[in-house]
Structure formats: C-alpha cells, structure tokens
Amino acid sequence: MLKLLQTIDQLARRSRTFREMQDEVVRLLRTVPHYNWIGIYMVEGGDLVLGGWDGPAPTEHVRIPIGQGICGAAASSGETVLVDDVAADPRYLQCFINTRAEIVVPISWGGEVIGEIDIDSDRPAAFNDSDRAFLEDVAKLLAARWAGEQPCGPSTRAVAELLPPEMGARPVGTPMYGAVTYEFEDMQALEDYLGRQDLGYIYTRWANPTICAAERNLAAVEGSEDAALFASGMAAIATTLLSLLKTGDEVVAPHNLYGGSYHLLEDLLPRYGIEVRFVDVEDLPRVVLRDNTRVVYFEPVTNPTVRVVDVDAVVKACRKRDGITVVVDNTVASPVNLRPHEHGVDLVIHSATKYLGGHSDLLCGVVSGAHDRVQPVRVHGRYLGGAFNPREAMLLMRGLKTLPMRVERQCASAARVARFLSERAEIRRVWHPSLASHPEHDLAGRLLKVGCALLAFDVEDLATARAVVDRLTLFRRAASLGGVESLVSIPQMTSHWNVPAEGLARAGITPGTIRLSVGVEDVADLIADLDRALRAARKAATVG
C-alpha cells in the first residue's frame, strides 16, 4: 500500500484544484481489487455532500445529514468506522449498490471533520487494519491539500512547507534528496512512469523530491497552480521564451530590461529567426500587436530605474487578440509587493537568487502559472539542461520562510534612503516610486503592496559615481540585489555591461547612475554611510 500511497500523493499534488485531486484519488483507489465503490464526501453545513465518486450513477445518498447512517456516524464521531456486514448494522442506509462491507474514514483538519472517504465492498469482512491505516494516510493527504486552498496571508504561505510523502517523518526543515537517479521496482513500474511522468522520479534533471517540494511552495507563494525551477533566472527566462516562440514569431519588450534579458532578446533570439521589437516602457499599455506577435515580455518594476508598469492595462491590451502570452519578470517587485497572476498575467518569472532566496547563497530561476502553461516550459528545460540543484532547493525553501518580513523591512528602509538622497544637492535625480517626483508614483501606490527595496540615483558622471561607490563601507560593491545585505553597483559596469548607449539612454540609465539594493541593516547606519561617501567624494573632487 505504501507504493500506492506515494503514487496517490505524487499524482494528486499536481492536480490543479482540490476537486480534481478528489477525482484522481478516487480513480487510484479503485485499482485496489476489494475497493468496489469509492466516494469522497465533503462537509457543507450540517451535511455530507458527495464529490468524487466511482460507481453506478449516484441517485441517492448524495447528501447525508451528519449523524445519519454509517457515513454520518463517522463524521459525527470523527473516528474511522469499519463494518464487516452492513446488513446487520442498524445505521446502514440501504442504497442502490450491493454493499456487504464498508469502511468510512473521516478527513479532519485542525480537530474538525471536513469530509470523509467512503469505500464499499461486495465481500463481507473485506477491510482490515491495513486498510484503515492506509486510508487514514490518504485522508491526511486530502486534508493537507484542502487546507492549502483555504485563504491565508503571504507569511503563512511562505512558512507552510508542502512536503511530499517520501520525506518520511515530516521534518520541520526541508530534507535534501541528493540522488541523481532513481530505481524502479520492475519494468512495469518504469512503463507506468513513462506513461505518466508525474508518478515518480527517474532522474534529477527531470524531477527530484526536494525540488518538487520547493516548486509546490513557490506556487503557493505566487498564487499559481504550478511552478518550475531552473538553474538561474536567465535559464528560466530563456527556456520560457524558447518554449513560446519559433522562427517568424515576434516578442515585444520595453527598453527597460535587466541587461541579461536585453542581450538575450537583442543578440540571441534573432539568430533563430525570432523578431524582437523594443518599445518605450510608457507605450506598453498601448502596445500595437502584429499578426506574428506571440509574446509581450516586461518587468512590472524595472531594473535599475524602478519604473512601474501598469500591468492591468498591458494585460487588457494583449487580450484584444488571441494567441498572445503575457510574460513578466517579477524579480524586483517580489510576490510580497505584486502577484501578477492576480492581474491576468500568464507566466511569472523570478530570479529566485534575489528576494526569494534572500541570502546571496544560491543561483536559481522559477516560472509559475497554470499547469498547462508551465508544463511545456518544464519539458523544454529538461532538454535544454538548465536543471536546478536539490541542495539549493533546500536553501530556497529556507529563504522563503522569511520573505515577507525581509521585503517589508527592505522596502521601508529604501523609502527612507530615497528621501534622504532626494534632499542632497549633489544628486541630480533619485529613482524610487515612493517619491512624488517618480513618474509612476501614483500607479505604484495602487499596484505595489509595500513599496520597493531597490532604488537608483544619478550623480554628475561616471567618475563621480565611482568615487561615491568606492567610499561606501556598509553597502557592498556587488552585482546582485534582493539579499539581506545592502549592495551598491554602477549599472553600466555590472547589470547593463555592454548594452549600447542608445539602449541605456532609452532605459534612463546614465553614466552616473548608481543602483542600491537595500538590505535589512539599520537604516540609520545606511544613511550615515551614504552621507559619509557623498561628502568624501565631494571633498576629493574639490581638492582635485
């Protein structure tokens, strides 16, 4: 029964809804020879209402008051009821199937019965303690999936790990499965796997228990049906776009993109006959869709000048014609600020190296969305080879636990840093949506829940920018963002290296642009660090 239990979980946890999971569980339970009729009831008010079902067309007992019959008795007591001869049981409500024995297992969550599994057999005394233990484990899987669909806040979803059954004793921390290849019991088991590849594991490039656990958690945090992990953010972006585009297709994107994404679109995709059309970020909501346009790709909050895109308006424009897939890189905003699926976006990508991981110790990318959209990307990834590492999946799940509290603090600190910088005479411009001077200040207030932890500011020229950056002591000179440590970079020398001057100008990046990724340090110390560096750079320029 353990193998069947694992199969039930591996298949059912990939179901898109709890109701779909019910149907999958019923189908799999029906493979047990003495499980002749299977039903799953859920509690609605004071009744049990039949949901998943395998048997003759149910014409009666589709709704049973709690306390009536064998089913109602199990729901009332919250304990498994096993009956060897239903005809001799006074609680039996005669029905249209030839029932001789019955077992009813409550599905409970938080001490309350939320439903039950009802199995009938045409043989008397068909069920034993092994059936009881097995079905009670199945009930726990159903209860956990049901609970996962109940409304809860982002911090709760980030902490609640959704572990598969092969993780045994349900540890609080995520265990790591380092195995690369997996054994099959026999050739029939391998054939079953090849026919339904979500029934187990064969090779870590295809799937791995630790990676699957992380994907489940990311989908919950992002508010999507499914998620697929990749070796880096760029692997996720490239794999997603290549899965959606072919020769002759067009992708539309703004000039305001992360440098790696810009080079992918500008330098690589055209080699494969894919047309790329760049537009100004302000024009995205009025994007002109051509006959061959297949993808509209953008960052809701751009890097590094934190421009904010009206996601609703872009999605609305794209829905005017069938066949357009809206893909966003939500790295800078993070799910704490924005969950693009709630705005109609089809696929959401993150460089999970940044805020999702949060500790500058893993390289990772993720794409999320509906299962039927994510699965083709996942399959492409298997052959392109950008496989994720189970050790880093374990680190990613650790980082997710603190995601909301980290980002909330970082955004609040970044707003204070932006206000400080906006008052300095030597700074030409500060890019942060909390400032009234930001072109999308009002839009950001509506779209972003807690703000933005990234900001940029312009000084006179590249020499001045280098002088300021070299004099910072708490901000670390490093090319990334989103970690607990505050980082500083000059985009022209890091994230946007080798981007042509015209592309930089269209994105609002000058030679004197400095980008700050604000961490979790005391904000007063960060402001003092910036103040010292600005004063020292000004003094050095005066002496020079």
Side-chain angles (χ1 to χ4, degrees), residues 1 5 8-9 12 15 17-30 32 34-152:
M1 288 293 199
L5 181 67
I8 287 172
D9 181 71
S15 302
T17 64
F18 176 74
R19 178 53 196 267
E20 184 177 305
M21 177 177 179
Q22 288 186 70
D23 295 338
E24 295 284 9
V25 168
V26 167
R27 182 181 65 80
L28 288 167
L29 290 178
R30 188 65 181 84
V32 180
H34 60 289
Y35 290 7
N36 300 124
W37 301 282
I38 299 101
I40 296 180
Y41 287 85
M42 296 305 294
V43 173
E44 291 184 10
D47 296 333
L48 291 163
V49 178
L50 185 63
W53 167 255
D54 183 273
T59 57
E60 51 188 314
H61 305 329
V62 296
R63 180 178 289 268
I64 302 173
I66 293 175
Q68 290 188 17
I70 296 172
C71 287
S76 179
S77 66
E79 297 178 355
T80 298
V81 174
L82 192 158
V83 180
D84 290 336
D85 184 1
V86 297
D89 193 303
R91 299 170 298 184
Y92 177 55
L93 300 175
Q94 188 172 4
C95 63
F96 59 93
I97 58 176
N98 185 25
T99 298
R100 300 297 301 277
E102 187 171 4
I103 182 170
V104 184
V105 179
I107 304 169
S108 301
W109 185 260
E112 294 185 3
V113 175
I114 60 171
E116 62 185 28
I117 304 170
D118 174 26
I119 298 183
D120 298 80
S121 178
D122 58 11
R123 295 191 288 115
F127 306 107
N128 56 34
D129 287 341
S130 294
D131 295 293
R132 178 197 299 267
F134 165 66
L135 291 169
E136 287 176 350
D137 283 339
V138 174
K140 290 176 183 177
L141 295 177
L142 285 162
R145 178 56 187 270
W146 175 88
E149 292 190 4
Q150 305 312 300
C152 60

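All figures in this text were calculated on a predicted structure; none of them were measured in a lab.
A distance of 4.5 Å separates SG in C71 from CD1 in I64, rounded to the nearest 0.5 Å. Atoms CZ and CZ, on F127 and F134 in that order, are 11.5 Å from each other to the nearest 0.5 Å. Taken to the nearest 0.5 Å, the CD1 atom of I38 stands 13.5 Å off from the CD atom of Q22. L142 contributes atom CG, which lies 11.5 Å from atom CD of E24 (distance to the nearest 0.5 angstrom). To the nearest 0.5 Å, the span separating CD1 on I114 from CZ on F18 amounts to 6.0 Å. Separation of atoms CG (N36) and OG (S121) is listed at 4.5 Å; rounding is to 0.5 Å.
For R123, there are no side chain to side chain donor-acceptor pair (under 3.5 Å) partners at least two apart in sequence or on another chain. Here D137 pairs with nothing under the side chain to side chain donor-acceptor pair (under 3.5 Å) rule; sequence neighbours left out. For T80, the side-chain contact (heavy atoms from CB on, under 4.5 Å) partners at least two apart in sequence or on another chain are I103, V105, P106, R132, E136. Evaluation of the side-chain contact (heavy atoms from CB on, under 4.5 Å) rule for P56 yields W37, W53, F96, I97 as partners, not counting sequence neighbours. The side-chain contact (heavy atoms from CB on, under 4.5 Å) test applied to V62 returns L50, P58, not counting sequence neighbours. Checked against side-chain contact (heavy atoms from CB on, under 4.5 Å), D23 has the following partners two or more places apart in sequence or in another chain: R19.
Sorted by first and then second residue, the salt bridge (Lys or Arg N to Asp or Glu O under 4.0 Å) pairs involving residues 63-76 (not counting sequence neighbours) are E44-R63, D47-R63. Counting only residues at least two apart or in different chains, side chain to side chain donor-acceptor pair (under 3.5 Å) contacts with residues 93-116 comprise T99-D120. Applying the salt bridge (Lys or Arg N to Asp or Glu O under 4.0 Å) rule to pairs touching residues 65-90 yields D89-R91, sequence neighbours excluded.
Nearest heavy atoms, V113 versus G78: CG2-CA, 3.7 Å. Residue A75 comes nearest to L48 through the heavy atom pair CB-CD1, 3.8 Å, listed as atom of the first residue, atom of the second, then distance. Between A126 and A101 the shortest heavy-atom distance is N-CB, 3.8 Å.
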Practice problem: Check the pair H34 / D131 against side chain to side chain donor-acceptor pair (under 3.5 Å), numbers first and verdict last. | Solution: CA-CA 10 Å; H34 60 289; D131 295 293; 3.1 Å; yes
Self-check item: Criterion side chain to side chain contact (heavy atoms under 4.5 Å, CB included) on M42 and W146, from CA distance to verdict
Solution: CA-CA 10 Å; M42 296 305 294; W146 175 88; 3.9 Å; yes
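Using a 4.5 Å heavy-atom cutoff, the side chains of I117 and V104 are not in contact. Considering only heavy atoms from C-beta on, I107 stays 4.5 Å or farther from V43 through its side chain. Looking at I40 and D118, their side chains never come closer than 4.5 Å, going by heavy atoms from C-beta outward. The shortest distance between side-chain heavy atoms of L28 and V26 does not fall below 4.5 Å.
Between the side chain of R145 and the main chain of M21, no donor-acceptor pair closer than 3.5 Å is present. When atom types are taken as modelled, the side chain of S77 and the backbone of A73 share a donor-acceptor pair closer than 3.5 angstrom.
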